[in-house]
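Everything below concerns the one structure shown next.
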Amino acid sequence: MSTEPVFGVDVYQNEFLYQGADEVHAIVTVSATGGDRAGEAAVVIMVDCSGSMNYPPSKMDGARRATEAAIDTLRDGTAFAVVAGTHRAREVFPGTGRLAVADAATRRAAKASLAGLTATGGTAISTWLLLAERLLATSTAPIRHGLLLTDGRNEHEEPERLREALARCAGHFTCDARGVGTDWEVKEVTQIAGALLGSADIVAEPAGLTADFTAMMESVMGKEVGDVSLRLWTPLGAGVRFVKQVAPAVADLTDRRTEAPPRAGDYPTGAWGAESRDYHLALHVPPCDVGQEMLAARVSLVRAGGEPVAARPGLIRAVWTSDMAAATTLNPQVAHYTGQEELASVIQQGIDLRKRGDARGATAKLGRAVQLAHSSGNEQTSQLLAKVVDVEDAARGTVRLKAKVAEADEMTLETRSTKTVRVKK
């Protein structure tokens, strides 16, 4: 008999606060293990078909081949559709206003329809997302996901239109976003993925699209449980300052909170397969006298609608002490992820300063990034940074900006800046 994964919640913290202190930090690891039941899924593939996809023609050809590969990766019974995106959205397959159900016949028909993908027109990504939302709304599948590919900037609509579309789609489906080539805007693609709890990445060469689309679809097909949220209960007088996912990538969930009375709030995490993720929680607590202790928060998991997920809750404690050494000892997990969050931030700041021509400021920020990546063992980020700066002393963060940087290298660093590594064993 097939089973869903078993969830576990583990808390890492230093519970000791110095007398009068009012903030508690903890890392919460959520793990899902042991499941073997494929979740019912619905997927919409959104392909940029704006005129720029013809330059070079290999982009449009690569997009077709990648979409074919993604369709071949669909599990039988998965609901799906393909959308062509320009300054408007067009349903390429199945064309009925509803999703098709994957089997040998519908996969063949869907791949045949891709011959009709031609590059013309502009780019208005909000229309793509809203059509995907309408199509996915026709499915009862608990796992609803979009794959979005673009090669250019969202030039044919106001930024507010995209923000409004993302607000409408959030909570209805998750979405992975990809930029192909180097003419797209990193902040737009990461904005889409961030709002819809998906991943963002660059595919610099069209030849890489097929492998990337296949991997994304395999990940979706591996999901087993949809719409899981972290539920944080805090006692009277306490509250939540922030909730951030910190592994496998940094994503701020603080503003995603929906109230779950009494004194609790839910933070969405999307769909889960067999995997593990880490979250950084900062809590406000009423300052107490030495020797007092309290339960600062209780962390549990719920499905959409508030149905509890069977898992032992994680407990976050606060104990006040006059022992300065005990109170100031950083938990290794908290220290590590605080550094990873700073790493993501200083990379973004450094790239922005470099684009504005502030070489001194960019050097300082990217030097700090090199130092943080080195100390945490984040080798992937270290390698990406080395394509933008010449590293003289990684441990000290001493670097020089490279005189010439390939645009793809800078965009890759910016897009992947939020990817983290776990604490070294």
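- Residues meeting the side-chain contact (heavy atoms from CB on, under 4.5 Å) test with Asn154, sequence neighbours left out: Thr123, Ile125, Glu157, Leu162, Glu188.
- Ion pairing between Arg144 and Asp227 holds under the 4.0 Å rule for side-chain N and carboxylate O.
- Both the sub-6.0 Å distance and the 45° axial angle are satisfied by Arg277 relative to the ring of Trp272.
- We find that Arg75 and Asp103 are not joined by a salt bridge, their nearest charged nitrogen and carboxylate oxygen being 4.0 Å or further apart.
- A salt bridge links Arg416 and Asp201; the closest N-O separation between the charged side-chain nitrogens and carboxylate oxygens is under 4.0 Å.
- Between the OG1 atom in Thr420 and the NE2 atom in His336 there is a gap of 6.5 Å [rounded to 0.5 Å].
- Taking the side chain as every heavy atom from C-beta outward, Lys111 and Asp72 approach each other to under 4.5 Å.
- Between Glu40 and Lys223, none of the side-chain N atoms (NZ, or NE/NH1/NH2) sits under 4.0 Å from a carboxylate O, so this pair counts as no salt bridge.
- Considering all non-hydrogen atoms of both residues, Ala264 and Arg231 come closest at CB-CG, 4.1 Å.
- Salt bridge present: Arg163 and Glu160 bring a charged side-chain N and a carboxylate O closer than 4.0 Å.
- The existence of a salt bridge linking Asp183 and Arg153 is excluded, since no basic side-chain nitrogen approaches an acidic carboxylate oxygen closer than 4.0 Å.
- Scanning for side-chain contact (heavy atoms from CB on, under 4.5 Å) contacts around Val180 gives Met53, Lys59, Leu149, Asp151, Pro206, Leu209, with sequence neighbours left out.
- Taking the side chain as every heavy atom from C-beta outward, Met294 and Pro235 approach each other to under 4.5 Å.
- Within the 6.0 Å centre-distance limit, the rings of Phe80 and Phe93 are counted as a close aromatic pair.
- For Asp352 and Lys187, the salt-bridge test passes: some basic side-chain N is under 4.0 Å from an acidic carboxylate O.
- Counting heavy atoms from C-beta outward, Ser276 and Thr29 have side chains that approach closer than 4.5 Å.
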